[in-house]
Amino acid sequence: MIGEKQTRVSTMGDGDGVTSSYEYISSTLNYTELVCDPEESSSNPIASWYFQGTVYVMYSIIFVVAMFGNGIICYIVISSPRMRSVTNYFIMNLAIGDILITIFCVPFTSVSYLQQYWSFGGFLCPVVNYSQAVSVFVSAYTMVAISVDRYTAIIWPLRPRLSKKIAAIIIIIVWVIAAVTGVPIPVFSKLGQPTEWHQMCDRYICHEDWSEVGLEYEKLYTLALMVLQYIIPLSVLLFTYASIAIVICCHRIPGEAENSRDQRIAKSKRKVSATLKLFHISLFTEACVICVELVKLIKCVR
């Protein structure tokens with residue numbers, strides 16, 4: 001899938017990047033010459049038109065490619081009866097999750113990164129953070145569903161495959177669990193002014209504020225998200241695809257060799273090869289995001 005995966009900790013709701021950037025600004029600017037728009041300050045590294053142009057171009061490319069690629073996937077699966085298989089339904093659901101990430105991540109992240117504050121109002125703050133968290137959860141568990149479906153088909157080829165009805169139920173369950181799991185994020189997401197600069201310039205950041213219930217609950221929730229969104233899905237992906245690779249590469253089907261049978265085996269191996277490529281993408285995505293989650297967890301512990 002094409003898209004930019006992000007987690008709860010990498011959304012604008014975190015606010016750590018915004019705050020740290022403004023700590024730099026606050027330490028280098030004299031309040032008698034206060035600059036309330038960092039992108040206009042000559043002493044701010046992000047003020048360069050070259051840097052800003054590069055950021056906008058890169059994010060624009062990501063947005064266009066993600067929307068076009070994932071949109072094409074959805075269109076093909078919906079419009080072509082031949083493509084309406086269980087696996088393709090899961091892939092289409094993964095594409096929908098990526099589209100959601102693209103819509104609620106790329107525009108807000110790029111603008112907020114360059115402005116160094118949240119300029120989209122109090123309503124969009126919890127909406128954007130919640131949508132990003134839900135889409136990441138949906139993507140993770142859809143990849144798990146795809147891997148289990150492939151695992152069942154290859155390890156136990158004589159067992160009945162998942163029906164389209166069961167696949168639809170699984171997709172609905174994934175969305176419901178994702179929606180419920182992410183509920184604390186919009187509840188505690190709000191606008192804040194963490195530094196004196198924000199107060200003097202009337203600027204805000206969008207972040208999660210757990211001070212009312214206690215920071216220990218933030219640590220527990222962050223740990224729970226890490227286990228549910230990354231540890232469990234990654235463990236399942238490693239087990240299923242490793243088993244598939246062992247069966248395909250190391251086992252030989254007994255019996256007299258036949259050209260037709262060999263052709264079927266070769267075709268099956270090509271399909272599995274494509275599945276393993278999807279696993280490599282999934283593994284890379286999970287590995288990248290789990291590093292960000294670990295950083296957030298370490299900050300919470302400190």
Side-chain angles (χ1 to χ4, degrees), residues 1 3-15 66-67 70-71 73-74 77-78 86 89-109 120-149 162 164-191 206-210 212-213 217-237 282 285-286 289-290 292-293 296-297:
M1 289 298 96
E4 179 176 327
K5 300 286 187 293
Q6 285 217 346
T7 67
R8 165 179 170 263
V9 300
S10 60
T11 65
M12 290 310 302
D14 189 359
M67 293 297 294
N70 290 297
I73 291 174
C74 295
V77 175
I78 293 174
V86 170
Y89 280 153
F90 287 140
I91 293 177
M92 185 178 70
N93 190 58
L94 187 61
I96 293 173
D98 286 345
I99 290 174
L100 187 65
I101 289 177
T102 304
I103 293 174
F104 286 98
C105 177
V106 175
F108 298 99
T109 300
F120 301 102
F123 174 76
L124 284 178
C125 174
V127 171
V128 170
N129 286 351
Y130 180 64
S131 300
Q132 291 180 359
V134 169
S135 59
V136 169
F137 197 103
V138 168
S139 297
Y141 276 87
T142 300
M143 288 188 290
V144 168
I146 294 173
S147 70
V148 172
D149 177 61
L162 289 176
K164 295 179 181 179
K165 182 178 180 180
I166 297 299
I169 293 174
I170 292 175
I171 290 173
I172 293 174
I173 292 175
V174 167
W175 279 95
V176 170
I177 294 177
V180 173
T181 305
V183 165
I185 293 178
V187 171
F188 294 101
S189 292
K190 59 184 65 177
L191 299 182
C206 176
H207 68 141
E208 294 176 33
D209 185 3
W210 293 72
E212 295 182 0
V213 296
Y217 290 100
E218 181 183 11
K219 298 176 184 178
L220 291 175
Y221 183 66
T222 301
L223 181 61
L225 279 186
M226 183 175 178
V227 172
L228 293 175
Q229 287 186 336
Y230 309 112
I231 301 299
I232 294 177
L234 188 59
S235 300
V236 175
L237 290 173
S282 304
T285 301
E286 292 289 330
V289 179
I290 198 173
V292 181
E293 192 71 21
K296 176 63 177 179
L297 185 61

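Only heavy atoms go into these numbers, but all of them, side chains included; no hydrogens, no water, no symmetry mates.
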When rounded to the nearest 0.5 angstrom, what distance separates [atom1] in [X] from [atom2] in [Y]?
X	Y	atom1	atom2	answer
Met67	Asp98	CE	CG	11.0 Å
Leu124	Phe108	CG	CZ	5.0 Å
Leu94	Ser139	CG	OG	5.0 Å
Ile171	Ile166	CD1	CD1	11.5 Å
Cys74	Ile99	SG	CD1	4.5 Å
Asp209	Glu218	CG	CD	8.5 Å

(request) Apply side chain to side chain contact (heavy atoms under 4.5 Å, CB included) to the pair Ile170 and Tyr141, showing each step before the final yes or no. (result) CA-CA 10 Å; Ile170 292 175; Tyr141 276 87; over 6 Å; no

How far apart are the closest heavy atoms of [X] and [Y], and which atoms are they?
X	Y	value
Cys125	His207	SG-N, 4.3 Å
Pro107	Thr102	CD-O, 3.3 Å
Asn93	Trp175	OD1-NE1, 2.6 Å
Val86	Leu162	CG2-O, 3.0 Å
Leu228	Pro233	O-CD, 3.3 Å
Met92	Ile78	SD-CG1, 3.7 Å

(request) Give a yes-or-no answer on whether the side chains of Glu212 and Trp210 include a donor-acceptor pair shorter than 3.5 Å. (result)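 No, Trp210 and Glu212 have no side-chain donor paired with an acceptor closer than 3.5 Å.
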
(request) State, yes or no, whether a side-chain contact exists between Pro126 and Ile185 at a heavy-atom distance under 4.5 Å. (result)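 Of all side-chain heavy-atom pairs linking Ile185 with Pro126, none is under 4.5 Å.
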
Identify every side-chain donor-acceptor pair in residues 177-184 under 3.5 Å, counting partners at least two apart or on other chains, and give the distances.
unit_1	atom_1	unit_2	atom_2	d
Thr181	OG1	Ile177	O	2.6

Heavy-atom donor-acceptor pair, [X] side chain to [Y] backbone, under 3.5 Å:
X	Y	result
Ser135	Gln132	yes
Tyr89	Val77	no
Thr109	Val106	no
Asp149	Ala145	no

(message) Before you tell me yes or no, could you show the steps for Asn70 and Ile96 under side chain to side chain contact (heavy atoms under 4.5 Å, CB included), namely the whole-Å CA-CA distance, both residues' side-chain angles and the distance that decides it to 0.1 Å?
(response) CA-CA 7 Å; Asn70 290 297; Ile96 293 173; over 6 Å; no

(request) Verify the ring-centre separation between Tyr217 and Tyr221: is it less than 6.0 angstrom? (result)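 When the ring centroids of Tyr221 and Tyr217 are compared, they turn out to be at least 6.0 Å apart.
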
(request) Applying side chain to side chain contact (heavy atoms under 4.5 Å, CB included), run through Ser147 and Val236 and close with a yes or a no. (result) CA-CA 8 Å; Ser147 70; Val236 175; 4.1 Å; yes

(message) For Leu225 and Tyr230: C-alpha separation, side-chain torsions, deciding distance, then whether side chain to side chain contact (heavy atoms under 4.5 Å, CB included) applies.
(response) CA-CA 8 Å; Leu225 279 186; Tyr230 309 112; 5.7 Å; no

